[in-house]
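Report on the structure given below.
To find a chain, count down the sequence lines: A is the first, B the second, and so on, and within it residues start at 1. The shown structure was predicted, so the numbers you read here are calculated from the model rather than taken from an experiment. All values below were derived from every heavy atom in this structure, side-chain atoms included, with hydrogens, water molecules and symmetry-related copies excluded.
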Amino acid sequence: MLPLDVAPLQGDAASAARWLLGALLVRVLEDGTVLSGRIVETEAYDQHDPASHTYRGRTKRNAAMFGPAGRAYVYLSYGMHWCLNVTAGQSGFGAGVLLRGLEPLEGVSVMESLRGGARGRLLTNGPGKLAQALAVTDALYGHDLTLPPLQLFGGGRVPQRDTVTTTRIGLSRGAEAPLRFFIRDSPWVSRKAPLLN
DNA sequence: GATAAGATTAACT
DNA sequence: GTTAATCTTATCC
């Protein structure tokens with residue numbers, strides 16, 4: 001697998017989100033256990049978007065998204081679930097890509113354990129599930145995703161005909177924007193939004 | 001200082 | 001399909 005090229009993440013968030021489909025995400029736990037998977041579902045957010053955490057400017061929480069591309073932006077959702085984003089765009093512009101679905105590859109049994117016994121498509125078909133399966137918390141906030149223990153490889157290899165674009169999930173504002181992307185027919189995609197194409 | 005809402009999930013009817 | 005769990009952040013006193 002090729003090392004991560006951050007250049008494709010430095011453009012707009014939607015392009016970054018499409019490019020991340022098919023990329024390999026590798027997590028190395030403290031005991032050396034390797035967990036990995038292929039990104040199959042993403043959503044794009046930027047500071048012009050009312051649904052984005054960066055819409056109202058830089059804060060302590062969203063600071064990572066205003067930094068360089070290719071870092072981890074981790075936030076706590078609904079007081080319970082950590083969610084992992086890849087920062088995008090140029091420094092000074094608040095943008096990122098939420099990782100919503102992962103096809104598990106290595107360390108599946110350890111992921112199942114981290115997920116409290118969930119298996120199959122239920123293992124990683126959602127942003128909170130994905131982060132829990134890879135033991136991602138705010139301890140990795142701002143982490144450079146070109147380096148262990150959480151690292152991206154590849155990207156930009158999925159033909160557009162194999163992807164689907166829809167509206168994003170769980171939003172009350174900006175809900176109409178077609179900024180969710182996933183790999184067609186992947187079982188590890190959450191299926192709650194109407195298809196646009 | 002108080003309160004409402006939220007880029008979710010799992011359990012339940 | 002509906003709802004509880006759980007807590008940070010944003011927004012308004």
Hydrophobic clustering (ILVMFWY, side-chain heavy atoms < 4.5 Å, transitive) - are A:L114 and A:L76 grouped together? yes
Which one of A:L24, A:L84, A:I39, A:N125 satisfies the side chain to side chain contact (heavy atoms under 4.5 Å, CB included) criterion with A:L102? A:I39
What is the separation between atom CG on A:N125 and atom P on B:dT8, rounded to the nearest whole Å? 13 Å
Using the rule that Ile, Leu, Val, Met, Phe, Trp and Tyr join whenever any side-chain heavy atoms are under 4.5 Å apart, tell me whether A:L147 and A:L4 fall into a single cluster. no
Between residues 98-107 of chain A and DNA chain B, which residues have a heavy-atom gap below 4.0 Å? A:L98, A:R100
At what distance, to the nearest 0.5 angstrom, does CG of A:N85 lie from CE of A:M65? 6.0 Å
Counting heavy atoms not belonging to A:R191, are there more than 12 under 6.0 Å from its CZ? yes
Polar side-chain atom of A:R115 near backbone of A:L123 as donor-acceptor pair, under 3.5 Å: yes
Of A:P127 and A:S172, the one whose closest nucleotide on DNA chain B sits nearer the 5' end is A:S172
If the cut-off is 4.0 Å, is A:R115 near the phosphate of B:dT9, judged by side-chain N/O to OP1 or OP2? no
Partner of C:dT6 by Watson-Crick or G-U wobble geometry, both contacts under 3.5 Å, or none? none
Near DNA chain C, which residues from residues 35-62 of chain A have a heavy atom under 4.0 Å away? A:R56, A:T59, A:R61
Dump every N/O contact between nucleotides 5-7 of chain C and the protein below 3.5 Å, one line per pair.
unit_1, atom_1, unit_2, atom_2, d
C:dT6, O2, A:Y78, O, 2.6

Looking at SG of A:C83 and CD of A:Q132, how far apart are the two atoms once the value is rounded to the nearest 0.5 Å? 11.0 Å
Write down the distance between CG (A:L123) and P (B:dA10), rounded to a whole number of angstrom. 10 Å
Please report the distance, rounded to the nearest Å, between CZ in A:R168 and P in B:dG6. 14 Å
Looking for any heavy atom pair under 4.0 Å, which part of the strands does A:R173 touch: base, sugar-phosphate only, or nothing? nothing
Separation of B:dA7 P from A:Y73 OH (nearest whole Å): 9 Å
Run the side-chain hydrogen bond (donor to acceptor under 3.5 Å, both in side chains) test on A:E41 and A:S186 for me, step by step, so that the C-alpha distance in whole Å, both residues' side-chain angles and the decisive distance to 0.1 Å come before the verdict. CA-CA 9 Å; A:E41 179 182 2; A:S186 172; over 6 Å; no
Would you sort out whether A:T163 and A:R18 count as a side chain to side chain contact (heavy atoms under 4.5 Å, CB included), showing the intermediate values? CA-CA 8 Å; A:T163 71; A:R18 274 190 294 254; 5.6 Å; no
Specify the separation, in whole Å, of atom CE of A:M65 and atom P of C:dT9. 13 Å
Rounded distance in Å - CG (A:L84) to P (B:dT9): 13 Å
For the residue pair A:Q47 and A:G92, what are the closest heavy atoms and their distance? OE1-O, 4.0 Å
When both hydrogen-bonding distances must be under 3.5 Å and the geometry is Watson-Crick or G-U wobble, what is B:dA7 paired with, if anything? none
Please round to the nearest 0.5 Å and tell me the distance separating atom CG of A:L122 and atom CH2 of A:W188. 11.5 Å
